[in-house]
Amino acid sequence: MDWDRLAGDWSNMGARIRKDWGKLTEEDISKAGGRRDLLLERIRERYGIGPDEAERQLQEWASSEDTQNSGQTVR
């Protein structure tokens, strides 16, 4: 799965994202609007973590979404 597919299903991603990042608000997720860079920024802000850690977490999350869905690689 690539990021475009996740972003294309963004309206269904909110609950899944909040499951792993409960500090994110619905507004945070909505404003990100499927944009990976904006979601990373919100994760960093809410959790006070650096860019590498935020990237690692997001990649791990996207991979778990991949496993649950289609088995394709997330970029």
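Residues D9 and N12 form a side-chain contact, since some pair of their non-hydrogen atoms from C-beta on lies under 4.5 Å apart. Side-chain contact check for K23 versus R42: every heavy-atom pair is 4.5 Å or farther apart. R16 has its side chain out of reach of I29: every pair of non-hydrogen atoms, C-beta onward, lies at least 4.5 Å apart.
Annotation: the span from E53 atom CD to L40 atom CG amounts to 11.5 Å, rounded to 0.5 Å. Of the inter-residue distances, the one linking D52 atom CG with R44 atom CZ reads 9.0 Å to the nearest 0.5 angstrom. For the atom pair NZ (K19) and OG (S64), the distance works out to 7.0 Å, reported to the nearest 0.5 Å. Separation of atoms CG (L6) and CZ (R36) is listed at 9.5 Å; rounding is to 0.5 Å.
Annotation for A7 and G34: closest pair CB-O, 3.4 Å, computed over non-hydrogen atoms.
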Decide yes or no on side chain to side chain contact (heavy atoms under 4.5 Å, CB included) for D28 and E45, but give the supporting numbers first. CA-CA 10 Å; D28 290 335; E45 288 173 0; 5.9 Å; no
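Listed by chain and number, the residues in a side chain to side chain contact (heavy atoms under 4.5 Å, CB included) with D20 are W61 (sequence neighbours excluded). Scanning for side chain to side chain contact (heavy atoms under 4.5 Å, CB included) contacts around A32 gives W10, L38, L39, with sequence neighbours left out.
Salt bridge E26/R18: present, at least one basic N to carboxylate O contact under 4.0 Å. We find that R35 and E41 are not joined by a salt bridge, their nearest charged nitrogen and carboxylate oxygen being 4.0 Å or further apart.
Of the possible donor and acceptor atoms, none in the side chain of Y47 sits under 3.5 Å from a partner among the backbone N and O of L24.
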